[in-house]
Each structure stands twice: as structure tokens, then as C-alpha cells.
Number of protein chains: 2
Amino acid sequence: MNGVLSEIDLLGLLDSAKMRPTRQRKALAEILFKAGHRHVTAEELHREACSGGIRMALATVYNTLHLFTRAGLLREVTVDSGQRYFDTNVSHHHHILNEQTGQLSDIGEEELLISGLPEASEGMEISCVDVVVRVRLADKEKL
Amino acid sequence: MNGVLSEIDLLGLLDSAKMRPTRQRKALAEILFKAGHRHVTAEELHREACSGGIRMALATVYNTLHLFTRAGLLREVTVDSGQRYFDTNVSHHHHILNEQTGQLSDIGEEELLISGLPEASEGMEISCVDVVVRVRLADKEKL
DNA sequence: GTCATTGCAAATACTTTGCAAATCA
DNA sequence: TGATTTGCAAAGTATTTGCAATGAC
């Protein structure tokens, strides 16, 4: 299930980002971009790589995530003051966060309409508008 | 400028939160609640306290911020994966973040209208919807 | 062979915990 | 005085940096 084509895709991806195709980068790119869109923390990604038998320092995962982000292959999502999340969906969109599990999912930008946004003040511009919908298990026992 | 009344206010505030009025707490409460609404990080608050001549460990600032938050006197705002911000405005509202300076300001909840929010999935409920408008200095040199 | 680039140990930044000391009834 | 609570040193997480080793050309 990872034939020649996928290998080429990954190489193309790294090449387009002007990054040398090291063993570690190929492994991380494969985990990140092989399936559909994903949201990961460095820790999760590192664990997955290790499970897959790829030995790598956690710092390398961080460095690679930042490089991918700078290259436009990932986008950082701010939903938690304790941990950085990276999203393989780099188009602008919003998020739903499960407060209990930390699980993130996407809301397409076009689904939400936000009106009443203030003008950016003199000399400033809006760089983006992020919406986070926090959800949790409903109180079962509501009388 | 900090007469008897303000002292009483602070004591009342701490008392209503069921917290003993220690020297450190009074000092922090004074910094936080004396003027209008504020957004602070633990680090900033600690620096201010020190400047004001109140010696205190940074950990005490964190503990106090959490106690105030649990008591409903503060609200935590998530806009940065690296640092926790606390807001003395505890009503529900949104934020503008200056990406360059880290400065936060408020947008009243009633100013924004958000339509198209998804239903919470089965058994889940929406706990809150947070909007962050990120702004930065406009590119001067746009041709 | 050269030299930009990588990968990771060590350092840093931020936050929380555990417990001795202080405080109140 | 004894139970409770406090304040902070030390520990714990999350992330970044600096540089020896590597690998592309």
C-alpha cells in the first residue's frame, strides 16, 4: 500500500518545499499527508512515527512541523494555551474543539457568516479571523 | 489614590471569592481590578507586582490567577499556544489580538453575529464560541 | 571535497505540584 | 492547638536553540 507513486508524491512535496528528502521528513510527510486532512500535536506525530518504527527525536518533529508550516504545507491552529496543533488543511477555515478529548474538526470558512467585525484601526490590517466552537459532553442530568 | 474605600472593595472581592486576604492577593487584586478591564499574562502581572515593591514568587501569581478564575473573577482567554492570558472582563465576548505586540482588546459579544454554526453532535453541547480577530501592521509598500 | 543543511542533546520557557510555614477558629 | 490554607522551591511539560555530524551536489 505504499507503492512507487506515493513515494514520488512525497518527494515532490518535499522538493516543492525546498526541503531535502531525509528519512525523517519522508516518514513525517507520509504520516501527515497520506490520508485526508489531519490535526496533530508534535507529541502525537512523534508517537505515530515511533510506532511505525521510525526512530527520531521529538525536537526533530517540532523542527519539521515548523519547516512544513513555513513552507505552507501546514497551518498552526491556536485552540489551547498548552499545546500547539498543526493542521494539514491550510485553507482558511474554523474549528470545533472537543474540550474533553482535545479532538479538533473543521468548519469550512463558507459555512460561517460573521457580521459586525470591526474595522482594523489606522495602519493595521486584519490578518485572519478564527472561530473556535468549544463542545463538551452534554449534562445528562438536567432537570 | 487608594483610600479606605478601595481597600474595602478589594477585601470584599476576596471575601466574596472565599479567599483569605493575604498581602500577595490584595496586591494582585489591586493591580487587576483597580482600573478598567485588563488582559494579563502571569509574567506581566508578576513584573508589575515586583515594580510596585511587592515581593512574590511567579508561582504564587499563577496560583492566584487560577484561584481568581475558579472564583469567577477572571476568565482565561486562548489566543496563543505559548502563554495563558487572563481577562478581567468575565462576560462572554470576543477578542482582537495584535500579532506583533501580543496586545489584546475586547469585542462585545453583541457586536458580532455569527450564523451557520453547526449543531452540536449527539450527546454534545456547545460550551462557547470564541472569535479571535488577528491584526498586524498593514503592509505599507503595496504596489 | 565543500558547505549548506540536518538531527538531536541540551537549554529554555512556561506552568503545576507538593509540602513546610503561616493563619485562623 | 489543630485543621485549614498559603506561598514558594522544586519538578514537570512543552518547545526552541546551537552545533557536531550528515548528506547533496
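Source: prediction; values computed, not measured. Lettering follows sequence order; numbering is per chain, from 1.
- A/Y85 contributes a side-chain N or O that, together with a main-chain N or O of A/G102, makes up a donor-acceptor pair within less than 3.5 Å.
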Within the sub-3.5 Å range, which N or O atoms of nucleotides 9-15 of chain D have a protein N or O partner, and how far apart are they?
from: D/dA14; atom 1: O3'; to: A/G82; atom 2: O; distance (Å): 3.1
from: D/dT15; atom 1: OP1; to: A/R84; atom 2: N; distance (Å): 2.6
from: D/dT15; atom 1: OP2; to: A/Y62; atom 2: OH; distance (Å): 2.3
from: D/dT15; atom 1: O5'; to: A/Y62; atom 2: OH; distance (Å): 3.2

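- B/H95 places no side-chain N or O within 3.5 Å of a backbone atom of B/D130 that could act as its donor or acceptor partner.
- Spacing between atom CG of B/L45 and atom C1' of C/dT15 amounts to 15 Å, rounded to whole angstrom units.
- A/R38 has a carboxylate O that lies under 4.0 Å from a charged side-chain N of A/E48, or vice versa, which qualifies the two as a salt bridge.
- Here the side chains of B/H93 and B/I107 are not in contact, with every heavy-atom distance at 4.5 Å or above.
- Phosphate proximity of C/dT23 to B/T22: absent, as no side-chain N or O sits under 4.0 Å from OP1 or OP2.
- If you check the side chains of B/N89 and B/H39, you find no donor sitting under 3.5 Å from an acceptor.
- Taking atom CZ on B/R47 and atom C1' on C/dA13, their separation rounds to 14 Å, with Å as the unit.
- At whole-Å resolution of the value, CZ in B/R20 and P in D/dT5 are 6 Å apart.
- Computed from coordinates, the B/M19 CE to C/dT23 P distance equals 16 Å when rounded to whole Å.
- We find that CZ of A/F68 is positioned 10 Å from P of C/dG7, with the value rounded to whole Å.
- The phosphate of C/dG7 has OP1 or OP2 within less than 4.0 Å of a side-chain N or O from A/R25.
- One atom, CG of B/D80, and another, P of C/dA13, lie 15 Å apart when rounded to the nearest Å.
- Judged by distance alone, the side chain of B/H46 and the main-chain N or O of B/M56 form a donor-acceptor pair under 3.5 Å.
- At whole-Å resolution of the value, CD in A/Q24 and P in D/dA21 are 17 Å apart.
- Counting to the nearest Å, the P atom of C/dC8 and the CG atom of A/L67 are 14 Å from each other.
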